[in-house]
Amino acid sequence: MENKKCLECNETVKGRVDKKFCSDYCRNAYNNRVNKDSKNLIRNINNRLRKNYKILTEINTSGKTKVTRTKLYDKGFDFNFFTSIYNTKTGNTYFYLYDQGYLALENETFLLIRKEL
């Protein structure tokens, strides 16, 4: 019978023939190490989305508010991160972060809206 070694710690694996790890700890450690790069990318994007959403909800307390680009930038808003785009029949483009949206107006001004779910 062949002695299989744990992919993480190289200890002898006991149990089923197709078992690859000696413990749950080693399985989790191995998978966390292997998936680290892709998880970091997702984590960073989610953090930026969360920050943008927080900024919009802090400014837009009434459900409909006008704000300048400068005020959004000063709070750390990143216009490259949003969850969806909605194009109206009149040609307006709304960018949404979940239920919070914004529409670019004239003179570097934005209309912030909250979509009722």
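Just so we're clear, the structure is a prediction, and the values are computed from it rather than from any experiment. When reading the values below, keep in mind they use all heavy atoms of this one structure, side chains included, and skip hydrogens, waters and symmetry mates.
- Connection of Leu111 to Ile85 is not established within any shared hydrophobic cluster, with ILVMFWY side chains joined at heavy-atom distances below 4.5 Å, either directly or through further cluster members.
- Below 30°, between 30° and 60°, or above 60°: for Phe110 and Tyr102 the angle between ring planes is above 60°, a perpendicular geometry.
- Across all their heavy atoms, Ile45 and Phe81 have their closest contact at CG1-CE2, 4.0 Å.
- Counting all heavy atoms, side chain and backbone alike, Cys6 lies closest to Cys22 at SG-N, 3.5 Å.
- Arg43 and Asn40 share a donor-acceptor pair across their side chains, judged by distance under 3.5 Å alone.
- Val13 places a side-chain heavy atom less than 4.5 Å from the side chain of Lys19.
- At most 12 heavy atoms of other shown residues, nucleotides or ligands fall within 6.0 angstrom of atom CZ in Arg16.
- Remark: Arg69 qualifies as a cation-pi partner of Phe79 under the 6.0 Å distance and 45° angle criteria applied to the six-membered ring.
- Both cation-pi conditions hold for Lys115 and Tyr96: the charged atom is under 6.0 angstrom from the six-membered ring centre and inside a 45 degree cone around its axis.
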### Message
If you apply the rule side chain to side chain contact (heavy atoms under 4.5 Å, CB included), what do you find for Asn87 with Asn92, and how did you get there?
### Response
CA-CA 6 Å; Asn87 292 312; Asn92 292 329; over 6 Å; no
### Task
Under the side chain to side chain donor-acceptor pair (under 3.5 Å) rule, what do Thr12 and Asn3 come out as? Steps first, then yes or no, please.
CA-CA 6 Å; Thr12 303; Asn3 284 336; 5.5 Å; no
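- A side chain to side chain contact (heavy atoms under 4.5 Å, CB included) with Leu56 is found for exactly one of Val67, Thr65, Leu112, namely Leu112.
- More than 12 non-hydrogen atoms from other residues, nucleotides or ligands lie less than 6.0 angstrom from CZ of Arg27.
- With hydrogens and angles ignored, the 3.5 Å screen pairs no side-chain donor or acceptor of Lys66 with any backbone N or O of Thr109.
- Here the straight-line distance linking atom OG of Ser84 with atom OH of Tyr94 works out to 13.0 Å at 0.5 Å rounding.
- The pair Glu8-Lys20 fails the salt-bridge criterion, with no side-chain N (NZ, NE, NH1 or NH2) lying under 4.0 Å from an Asp/Glu carboxylate O.
- A salt bridge does not link Asp74 to Lys71: none of the charged side-chain nitrogens sits closer than 4.0 Å to a carboxylate oxygen.
- Counting all heavy atoms, side chain and backbone alike, Ile113 lies closest to Lys64 at CG2-CG, 4.1 Å.
- Between Tyr53 and Tyr98, the ring-plane angle classifies as perpendicular under the 30° and 60° cut-offs.
- Under a hydrophobic-cluster definition in which Ile, Leu, Val, Met, Phe, Trp and Tyr are linked whenever side-chain heavy atoms come within less than 4.5 Å, directly or via other members, Tyr30 and Tyr25 are assigned to different clusters.
- Considering CG of Leu7 and CG of Asn31, their distance stands at 9.5 Å, rounded to 0.5 Å.
- The shortest distance between side-chain heavy atoms of Lys39 and Asn32 falls below 4.5 Å.
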### Message
For Ile59 and Lys75: C-alpha separation, side-chain torsions, deciding distance, then whether side chain to side chain contact (heavy atoms under 4.5 Å, CB included) applies.
### Response
CA-CA 10 Å; Ile59 296 173; Lys75 291 196 172 276; 3.8 Å; yes
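- Using modelled atom types, one finds a donor on one side chain and an acceptor on the other under 3.5 Å when comparing Thr88 with Thr90.
- Across Leu97 and Thr83, no two heavy atoms sit closer than the pair CA-OG1, 3.4 Å.
- Under the 4.5 Å side-chain heavy-atom criterion for ILVMFWY residues, a single connected hydrophobic cluster contains both Phe95 and Tyr73.
- With hydrophobic clusters built from ILVMFWY side chains whose heavy atoms lie under 4.5 angstrom apart, Phe82 shares a cluster with Leu41.
- Under a 3.5 Å cut-off, the side chain of Asn52 and the backbone N or O of Asp78 do form a donor-acceptor pair.
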